[in-house]
Amino acid sequence: MSKTADIRLPDPSRWKALAFIALAQLMVVLDSTIVNIALPHAQTALGISDANKQWVITAYALAFGGLLLFGGRIADLWGRKRTFVVGLIGFALASALGGVAQNQGMLFGSRALQGVFGALLAPAALSLLAVMFTDAKERAKAFGIYGAIAGGGGAVGLILGGFLTQALNWRWTFFVNIPFAIVAAAGAYFVIREPAGSRNRSSLDIPGVVLSALGLVSLVYGFTRAESAGWSDALTIGMFVASGALLLTFVLTEARVKSPLLPLRVVLDRNRGGVYLSLGLAIIAMFGLFLFLTYYLQVVKGYSPIRTGFAFLPMIAGMITGSTQIGARLMTRVPARKLMGPGFLTAAVGMLLLTQLEIGSSYATLILPAQLLLGLGMGTAFMPAMSLATHGVEPRDSGVASAMVNTSQQVGGAIGTALLNTIAASAATAYATSHAALGATDPELLKLQSMVHGFTGAIWWAVGILVVASAIAVTFINAGRPSATAVTGTSGSGDADGVEDEFKVPVVAH
């Protein structure tokens, strides 16, 4: 029977599976922010020095970012369901270790283990969606839910982190992952049925694993170190040079080996490449914003951690609305670029409003509308981006294609935190120095004014980054709206003229 004639029936349990996949994704995204709220309390309890406290965040980021491609390839090799369940169990055990940590070594180790298992879990979750939801309209709904969680989960983490830290203690920001993981793993084990014939059983590309892991770890650590030690620091520069050399060698290796860790066909497709690049840039802007608004609300406005978390709710509402009501409804009607481009621009307008922040700015008249625009814009753009990043890839490549989405987000987050925080700190220092020379008399007021000035200066950069992300989405992405029966199958790169009117993807044979 021909491949195009053998129509695979949809998995009847796919919507139940989505619930457990979404729960796991929420756990991973929550963990990226929930620990930040608890960090000051954990630092005091375990006697962690100021110089070492960054490793609570950095240990996770290095392991997660460095091993994502490897995790995606393992998902293709082992099977996505098995990798998903193993990732969940490992993440729960690592979280338990963090919750009972008696010293800084145990805490740093648990965070690194969380990163390792997160690197298995995250690409497996996204690739399961890619191979289970093959109908275009259903795929739009599924990825709308997934995109909303990916975008808004971080802000939910601020609320939950604040509540757990204040009502219980910092250890519960780790323990809370355990029930999430157990429920998701049990549900996945009994509900998910991975489509037959979708594994990639080729031998593992060990040189690619080593080169990509070392290259990404060097890149993430370079940006992390730049935030604390400065861009001119010798080790910072050395990390960037090493990362460039390692990743270049990785690309050259992948072009020559028989079974590459990252088949270059995955990233050289202009649509997927455009998604990875524009999404990474958007995350740079968003991570910087989370950092600045958190500090602004807590330090400048005096909000408690719980109140700060609730202050982010409008952004979550905007993301859910943009993802499920705008992106999911329009994705099958208009090309992805016509959602992503305007979506990133809408977010840029929201970011532009925040350049007007002052010490006495009103939450209701400035921060609230800015958050709504940011949420609507990012939610609208995230949904088609998540779907298009894995749409049309061969099933055997869906794990590594999903890993590339997570890699662009992880690297973007590391860059955003370091780059925008450095810009803000430099602007704040310059403002404080110049106004002190002019005879400012209130040191505390000057400190707050300098901080806000630094935030707005960095937010201008974030506006520009979102505009560039929009331009890349409109320029690179030329895929049209998906057809009503589009499924994950072969990689479509467009017609001869470079423009697709719709995805024309053959049905995958069993």
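Note: hydrogens, waters and symmetry copies are ignored here, and every other heavy atom, side chains too, is used. Numbering of residues begins at 1 and proceeds along the displayed sequence.
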Hey, does the side chain of Gln114 reach the backbone of Phe174 with a donor-acceptor pair shorter than 3.5 angstrom?
-> no
Check whether any side-chain heavy atom of Ile316 sits under 4.5 Å from a side-chain heavy atom of Leu313, and report yes or no.
-> yes
Go through Arg272 and Val267 one step at a time and tell me if the side chain to side chain contact (heavy atoms under 4.5 Å, CB included) criterion holds.
-> CA-CA 6 Å; Arg272 285 191 290 274; Val267 292; over 6 Å; no
Minimal non-hydrogen separation, Pro384 against Leu339, with atom names = CG-CB, 3.9 Å
Backbone N or O of Leu466 within a donor-acceptor pair of the Ser470 side chain at under 3.5 Å?
-> no
Taken in chain and number order and not counting sequence neighbours, the residues that satisfy side chain to side chain contact (heavy atoms under 4.5 Å, CB included) with Thr253 are Pro207, Leu211, Thr249, Val257
To the nearest 0.5 angstrom, please state how far the CG atom of Leu219 sits from the OG atom of Ser243.
-> 4.0 Å
Begin from the C-alpha positions of Val100 and Phe175 and carry the test side chain to side chain contact (heavy atoms under 4.5 Å, CB included) through to its verdict.
-> CA-CA 9 Å; Val100 299; Phe175 291 144; 3.9 Å; yes
Fit a plane to each ring of Trp231 and Phe240, take the angle between them on a 0 to 90° scale, and name the class: parallel (under 30°), tilted (30 to 60°) or perpendicular (over 60°).
-> parallel
Can you measure from CD1 (Ile472) to CG (Leu279) and round to the nearest 0.5 angstrom?
-> 11.5 Å
Ala101 backbone acceptor or donor facing Arg171 side chain under 3.5 Å = yes
CE (Met340) and CZ (Phe382) are apart, to the nearest 0.5 Å, by 9.5 Å
Check whether any side-chain N or O of Arg270 sits under 3.5 Å from a backbone N or O of Phe476 as a donor-acceptor pair, and report yes or no.
-> yes
Ala24 versus Leu121, closest heavy-atom pair with distance = CB-CD1, 4.1 Å
Do Met27 and Leu88 have side chains that get closer than 4.5 Å, going by heavy atoms?
-> yes
Thr83 side chain to Arg80 main-chain N or O, any donor-acceptor pair under 3.5 Å?
-> no
Enter the distance from Ile178:CD1 to Ile89:CD1 here, rounded to the nearest 0.5 Å.
-> 13.0 Å
If only atom types and distance count, is the side chain of Ser323 paired as donor or acceptor with the main-chain N or O of Thr380 below 3.5 Å?
-> no
Dump the intermediate steps for side chain to side chain contact (heavy atoms under 4.5 Å, CB included) on Ile477 and Leu388, then the final yes or no.
-> CA-CA 9 Å; Ile477 297 171; Leu388 189 58; 3.5 Å; yes
Look at the rings of Tyr221 and Trp55 and say which category their plane angle falls in: under 30° parallel, 30 to 60° tilted, over 60° perpendicular.
-> parallel
Answer yes or no: is there a side-chain heavy-atom contact under 4.5 Å between Met239 and Leu235?
-> yes
What is the minimum heavy-atom distance between Ala92 and Ala181, and which atoms define it?
-> CB-CB, 3.6 Å
Expected output: side-chain Lys81 to main-chain Ile192 donor-acceptor under 3.5 Å | yes
Backbone N or O of Ile48 within a donor-acceptor pair of the Gln104 side chain at under 3.5 Å?
-> no
What do the steps show when you test Phe344 against Met378 for side chain to side chain contact (heavy atoms under 4.5 Å, CB included), and what is the final call?
-> CA-CA 6 Å; Phe344 288 140; Met378 295 300 280; 4.1 Å; yes
Would you name the heavy atoms of Phe117 and Val86 that are closest together and state the gap between them?
-> CD2-O, 3.9 Å
Check the surroundings of atom OH in Tyr303: do more than 12 heavy atoms from other residues, nucleotides or ligands lie under 6.0 Å from it?
-> yes
Hey, does Leu374 have a side-chain heavy atom less than 4.5 Å from the side chain of Leu354?
-> yes
For Ser218 against Leu246, the heavy-atom pair lying closest together | OG-CD1, 4.0 Å
When rounded to the nearest 0.5 Å, the distance separating CG of Leu18 from CG of Leu23 is 11.0 Å
Any side-chain heavy atom of Trp170 within less than 4.5 Å of one from Leu46?
-> yes
Hey, can you tell me if Phe64 and Tyr60 have their rings parallel, tilted or perpendicular (30° and 60° cut-offs)?
-> parallel
Test item: Leu262 and Phe250 side chains (from C-beta on) under 4.5 Å apart, heavy atoms | yes
Nearest heavy atoms of Ala469 and Ala282, plus distance in Å | CB-N, 4.3 Å
May I ask you to say whether Asp205 pairs ionically with Arg73, meaning some side-chain N is under 4.0 Å from a carboxylate O?
-> no
The reported gap from CZ in Phe455 to CG in Leu420 (rounded to nearest 0.5 angstrom) is 11.5 Å
